[in-house]
Every structure is written in C-alpha cells, then in structure tokens.
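Taking it in order: structure first as structure tokens, then the write-up.
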Amino acid sequence: MELYINKFNLKYTLESGQFFRYAQKGEWYYCHERDKTFKIKQKENTLEFYGTTREHITKLFGLYSEYEKITKTLSKDPILKKAIRQFNGLRVMQRDPWETTINFQCSTASNIKKIQLNMNKLAEHFGKDARFENETAHLFPEPGQINNLEKIKKCSTGFRAKYIHAVNKLVDDNFFEQLKRKNYIEAKQELVKLPGIGSKVADCICLFSLGKTEAFPVDIWIERIMQQNYFDNKKVSHKEIIEFANTKWGKNAGYAQQFLYHWGRNR
DNA sequence: CGTCAGGTAGCCA
DNA sequence: TGGCTACCTGAC
C-alpha cells in the first residue's frame, strides 16, 4: 500500500526516541505497535507499507497534524529555526497509550538499546505470536496480560518490574480513553498516581499517545539543552523549564521538545 | 571490570 | 519545595 505524504521524514521520526520496536532491514523498517506488525519505507513523498492500514499509519506517524503551521510558528525562535531546518519532517507520533506507558516505565535510568530489549522481551514472553512474511512476530500483550512478576524480571526490567506488574493491574484501554477526554493537566495528574510514573514519564505518555501537544517531557538531555540555550548555562529546576516552555510555546511545546531533543543529541 | 544510564520513590530538613 | 540516595542490569 502507498500513501502520499508531505513534510515527513520517516527516519527522523522513527529514530528520535519516541518509538522503540523497530528493526531496519535494508530499505525497510519492520515495526511493531501493540497488535500490529508492518514494514514501511519512504521514497521522497511516498510511503510504502505492508501489514497495516492507511488510517493506522496516518495516526501513528502524526501525519494529520498541522505541521507547516506548527513549524512556522516555532521557527520564530532562532534556535528552533535551526533545529527545524536540520530535521525537517520530524513528527510527534501518536502511539498506543498502553504500550507507550509500559515503554516509558522501562525508560527510567536506562537507555534506548536496553528499552528496546525490554520491550521485545515483554512481547516475546507475554504477547501472542503472529506470522509476518513467513516469520514469527511477537505482538505486544494486552492490558492485564503482563501478570507474572518473575517473568517480567526475566525481561531484564530490573527494579522496574514491580511497577510494570502493578500498572498492568491498574489500567485498561478504557482508562486511557478517559484520559484522552481530559485536559493535559488532569490527564497528567492521573498518570503520576501510578507506580513508577513520575512527571517525565507522564509527559511522554501525554505527548506521544494521548494527543496532549503541550506536554514537554524534561529528561537529562532536555535539561542540558535548555540550560545551554535558554538559561545562560545556569542551573534550573525541571519545574522552571516546564513553565518556560509552556509560556513560550504553549500548545506547540511538545513539538518544540522533539526538535530540541533530536537537534541536541545529533548535533 | 568498573561505571553509568530517557527517572522515581522515599525520606528528611 | 529542595536535596539527597537506592535501585536492576546490559552496554560501553
């Protein structure tokens, strides 16, 4: 299947730390998202993919957003202007909230490689098997299915295992549907009540899966980037950074974060 | 072989 | 609110 696209870069979007279950094979990216397995490649303004629908691709890769409007507004900021020029086509994805929650619970005090390992192992141990191109693909387990603490530990999750185990019991798809209907502040408040989920992870869930475009996840990288570029190298609290981003970029803060993060790490 | 990493929770001033 | 520290384990 094909999809005509504009102002989109698959590589930047997929490799910018918002999505983890993918593997590059030649010109194709083999991707897994919840119960979907598909492969996708980009050739200029065309996306070619197999294994899923146009609707899914459009939503997952944030292709419905008013990208030109957002980037134009953000480009008033000279630093973002550079970042946007360098990484034009980078999008904020809209993923499955359940998988995103487990995903970013795994991210605490970790790194991209290890998060990928955790997610792939969780799918192997708890998810259903499917066939894709004559090979076994592991689907991500449904809410409620990650229910064995010892097995969760076998997925190299370490001290995060107990949090994953607890959250698996506390949420379901309906919970996330309710959060989508709430505003950003309320949704975040609900999320940080969950074990193993603090401000940063909650903001990632809000931004990457609940459509809260104003969320501005502050991790150690964003902290450094913001300090260097907007606070004259002075120490600032995460709270101050969030307030600054909110005032400066409002509903576009999430996009600003994604550009700054990618730019700051790949410069 | 030691150090450290996309944070969070718990505890104390 | 602000400042500490422990925490699993693979990767460098």
Side-chain angles (χ1 to χ4, degrees), chain A residues 12-23 83 87 90-93 95 97 99-125 146 148-171 187-210 212 215-229 231 234-245 253-267:
Chain A
Y12 295 159
T13 304
L14 225 35
E15 298 180 5
S16 61
Q18 12 173 7
F19 189 80
F20 296 80
R21 291 205 299 138
Y22 67 88
F87 295 108
L90 171 63
R91 301 262 182 162
V92 171
M93 295 178 73
R95 302 184 45 203
E99 185 173 337
T100 303
T101 298
I102 303 300
N103 194 144
F104 283 96
Q105 272 193 305
C106 289
S107 77
T108 62
S110 191
N111 55 67
I112 289 176
K113 270 241 158 81
K114 190 158 178 238
I115 300 165
Q116 284 174 330
L117 178 74
N118 293 154
M119 293 301 283
N120 288 332
K121 280 192 175 183
L122 284 169
E124 278 172 41
H125 283 263
I146 310 181
N148 182 320
L149 186 58
E150 289 312 308
K151 268 170 79 177
I152 299 172
K153 286 180 180 168
K154 286 206 178 78
C155 299
S156 310
T157 50
F159 65 85
R160 305 158 197 83
K162 57 183 178 290
Y163 300 136
I164 294 168
H165 187 249
V167 163
N168 174 71
K169 257 187 261 187
L170 291 170
V171 306
K188 183 173 175 179
Q189 274 174 355
E190 289 301 314
L191 286 168
V192 296
K193 286 180 191 167
L194 298 172
I197 298 182
S199 175
K200 191 268 177 183
V201 171
D203 274 333
C204 285
I205 298 166
C206 281
L207 179 61
F208 299 135
S209 76
L210 298 176
K212 310 304 180 202
F216 192 85
V218 180
D219 60 26
I220 186 70
W221 291 93
I222 281 292
E223 183 185 320
R224 288 180 197 143
I225 293 161
M226 293 298 286
Q227 273 177 24
Q228 286 170 9
N229 294 287
F231 291 92
K234 287 198 186 76
K235 248 194 168 173
V236 278
S237 69
H238 288 192
K239 191 171 172 255
E240 277 179 276
I241 294 174
I242 291 170
E243 282 166 6
F244 177 89
Y255 255 101
Q257 192 269 6
Q258 204 53 20
F259 277 111
L260 288 169
Y261 182 79
H262 206 60
W263 174 74
R265 292 197 63 165
N266 296 90
R267 197 155 35 136

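Letters A, B, ... mirror the listed sequences (proteins, then strands); counts begin at 1. Heavy atoms only: backbone and side chains are in, while hydrogens, waters and symmetry mates are out.
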Look at A:E243 together with A:K239 and state whether they make a salt bridge at an N to O cut-off of under 4.0 Å.
yes
Which is true for A:G196 with a 4.0 Å heavy-atom rule: it touches a base, it touches only sugar-phosphate, or it touches nothing?
sugar-phosphate
Touch check for A:S237, heavy atoms < 4.0 angstrom, all strands: base, sugar-phosphate only, or nothing?
nothing
Answer yes or no: is there a side-chain heavy-atom contact under 4.5 Å between A:T101 and A:V171?
no
Of all of residues 114-121 of chain A, which get a heavy atom below 4.0 angstrom from DNA chain C, listed by number?
A:K114, A:L117
A:Q258 side chain vs A:S16 backbone, donor-acceptor pair below 3.5 Å
yes
Under a 3.5 Å distance rule, please check whether A:N103 uses its side chain to pair with a backbone N or O of A:E99 as donor and acceptor.
no
Of the candidates C:dC12, C:dG10, B:dG7, the side chain of A:T108 sits closest to B:dG7
Calculate the interatomic distance between A:Q105 atom CD and C:dC8 atom P; express it in whole Å.
15 Å
Where does the angle between the aromatic ring planes of A:F19 and A:Y22 fall among parallel (under 30°), tilted (30 to 60°) and perpendicular (over 60°)?
parallel
What is the distance, rounded to the nearest whole Å, between atom CG of A:L149 and atom C1' of C:dC8?
12 Å
Dot-bracket encoding of pairs in DNA chain C, which uses [ ] for pseudoknotted crossings and | for another strand, Watson-Crick or G-U under 3.5 angstrom:
|||||||.||||
Contact residues, residues 150-168 of chain A to DNA chain C [heavy atom, < 4.0 Å]
A:S156, A:G158, A:F159, A:R160, A:K162
Considering only the C1' atoms, how many Å lie between C:dT9 and B:dG10, rounded to the nearest integer?
22 Å
Between A:F104 and A:P195, who's closer to the 5' end of DNA chain B by nearest nucleotide?
A:F104
Just wondering, do A:I152 and A:N168 contact through their side chains at under 4.5 Å, heavy atoms?
no
Whole angstroms only, please: what is the CD1-P distance between A:I112 and C:dG10?
18 Å
Assess the residue pair A:N118 and A:R160 against the criterion (side chain to side chain donor-acceptor pair (under 3.5 Å)); give the C-alpha distance rounded to whole Å, side-chain angles, the decisive distance to 0.1 Å, and a yes or no.
CA-CA 10 Å; A:N118 293 154; A:R160 305 158 197 83; 5.3 Å; no
May I have the distance from A:D219 (atom CG) to B:dA5 (atom C1'), rounded to whole angstrom?
11 Å
With the side chain counted from C-beta on, respond yes when A:C155 and A:I164 share a heavy-atom pair under 4.5 Å apart, and no when they do not.
no
Separation of atom CG in A:L191 from atom P in B:dT8, rounded to whole Å
11 Å
Whichever of A:S110 and A:G198 has the more 5' nearest nucleotide on DNA chain B, that residue is A:S110
When the P atoms of B:dC1 and C:dC7 are compared, how many Å lie between them, rounded to an integer?
23 Å
Atom CZ of A:R224 and atom P of B:dG7: how far apart are they, to the nearest Å?
9 Å
With rounding to whole Å, what would you report as the distance between C:dG10 and B:dA9 at their P atoms?
23 Å
Between the main-chain N or O of A:K235 and the side-chain N or O of A:E240, is there a donor-acceptor pair closer than 3.5 Å?
no
Could you tell me whether the side chain of A:I197 reaches within less than 4.5 Å of the side chain of A:I205, counting heavy atoms only?
yes
Keeping the roles fixed (side chain from A:Q18, backbone from A:R91), state whether a donor-acceptor pair exists under 3.5 Å.
yes
Looking at CD of A:Q228 and CD of A:E223, how far apart are the two atoms once the value is rounded to the nearest 0.5 Å?
10.5 Å
